[in-house]
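Report on one structure; see the data block that follows.
Start at 1 and go down the list; that is how both ligands and their atoms are numbered.
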Amino acid sequence: MTDLIATACSILRQNDRGGYTVPTARLYPFQWNWDSAFVAMGFATFDAPRAWSEIRLLLRGQWDDGLIPHIVFHAPSDDYFPGPDVWHTRHRVPTSGIPQPPVLASAARFLVDHAPDPALADAEMAAIYPALLRNHLWWHSARDPHGTGLVATLHPWETGMDNSPAWDSAMARVPTDTSTVIRRRDTTHIAPEMRPRAEDYQRFIHLVDHYSAAGWDPARMFASAPFKVADIGTNAILLRAERDLLALAERFGTAAERHAMTTRIARQTAAIAAQWSEDHGIFLPRDLLTDTPIDAATSAGFLPLWAGCVTQAQSARLGATLDLWASQVQRLVPSFNPADPRFEPQRYWRGPVWHVVNWMIAEGFQTAGDMAHASRIRADTLANVTGSGFDEYFDPRNGAGLGGRDFSWTAAILLLQSLQVAGGS
Ligand code: GLC
């Protein structure tokens, strides 16, 4: 374990580009939103000031309306497509125009709770609290303007689970024509059979062109979106983040803010509860354009455990669903139901295991009092790294590492798990 911890620390240092971290060298040469939230927690285990810097630099990309974009292009690079010239956004530091799962407030709370120097943590937290609050308000006004309790996702990249089979049917309705010349760089770094297909890419870029033509105006985007789903992962992560922000607001916010958060939390909790599927034994995403549940059991369907909003009966049933998956693969948690014909163990978000998702699910089972499933997931996570290294993601059939190497968030999760081994949480 000591060697693994040292390697994980050195990967985070290697991927440091001066106060922020790239997910991995070359393949992803900028700062990514939810990657950085996990990376900040990873740094917090050995270098608290550097952890706060990760968050501060991400917030340099925050828009005036509250959006924290999914990529901040701090420095130019030719290694990635689509770069700033495709997004056509108008921020001081170039950014994309869409969000990613809002883990940030949960990460900030983690930094405060694990602070070796509470005075530093209090000063940093007080400085960023208003930005986190503005971001949560953005989610509700931009993505749930009618107050349903579920926020909408307008591009699969916003879910962080870019190519999940959950988006297939909704994406099939998105046109493939684009006005942008597609110059993919990912397939020159990584074997094409692991990456999204050409047609998917045209649809991804069609959506970028569409929102860019809408001037990145939240109301116009929401009203005209050719793709609009309620991702169960994003919604669960936002609910957890709201609860963490509420805890922070006890010290850094006002009574009025806490009151508004409590109201939102109740609405979100009820809306997520309605996404439970007794047939699948898991929570499902919803297609908001057809107003129907999406028939796809993904690892995101376990994340309401992370949000702490499941009943005892649901938690037991989620454990049974996981057991069923475990009987078909060697390593948990596959990103997609292995019994489904659409399962592909090596292709992006269509089957492989991601350690950030494992970590949230394991924490969730633990909170629900199910230590057996939490421990099994953590053991598999550790076995993947021990057997293969700090890869981007892993084959659930055998734990073989896939995608980019020396990945920041895989290193961060190892560091977070090492706290559990040491008896912390
Ligand atoms: C891919 C993943 C996304 C991640 C990014 C950087 O796009 O799908 O979740 O944030 O890579 O690691």
For Q100 and ligand 1, does the shortest N/O to N/O distance drop below 3.5 Å?
-> yes
SB check R342 D168 (cutoff 4.0 Å) = no
Among protein heavy atoms, which lies nearest atom 3 (C) of ligand 1, and at what distance?
-> G160 O, 3.5 Å
W157 touching ligand 1 at heavy-atom level, < 4.0 angstrom = no
Here the atoms of ligand 1 under 4.0 Å from any heavy atom belonging to W349 are 2 (C), 8 (O), 9 (O)
May I ask you to say whether D287 pairs ionically with R173, meaning some side-chain N is under 4.0 Å from a carboxylate O?
-> yes
For Y28, the ligand 1 atoms with a heavy-atom partner under 4.0 Å come out as 1 (C), 7 (O), 11 (O)
Starting from atom 7 (O) of ligand 1, which protein heavy atom do you reach first, and at what distance in Å?
-> D162 OD2, 2.9 Å
Does Y348 have a heavy atom less than 4.0 Å from any atom of ligand 1?
-> yes
Say whether W409, considering both its backbone and side-chain N or O atoms, lies within less than 3.5 Å of an N or O atom on ligand 1.
-> no
Parallel, tilted or perpendicular: which describes the rings of F43 and F46, with under 30° parallel and over 60° perpendicular?
-> tilted
Out of D295, N337, T321, which one pairs with H280 under the side-chain hydrogen bond (donor to acceptor under 3.5 Å, both in side chains) rule?
-> D295
Examine H74 together with Y20 and report whether their ring centres are nearer than 6.0 Å.
-> yes
Could you tell me whether E124 and R56 make a salt bridge, using a distance below 4.0 angstrom between a side-chain N and a carboxylate O?
-> yes
Should D16 and R50 count as an ion pair when the cut-off is N to O under 4.0 Å?
-> yes
Protein contact of atom 4 (C) of ligand 1 - nearest heavy atom, named by residue and atom, plus distance = D35 OD1, 3.5 Å
Does a salt bridge link R240 with E363, judged by any charged N lying under 4.0 Å from a carboxylate O?
-> no
Just jot down the ligand 1 atoms closer than 4.0 angstrom to any heavy atom of F407, in number order.
-> 12 (O)
For W34, the atoms of ligand 1 under 4.0 Å from one of its heavy atoms are 3 (C), 4 (C), 9 (O), 10 (O)
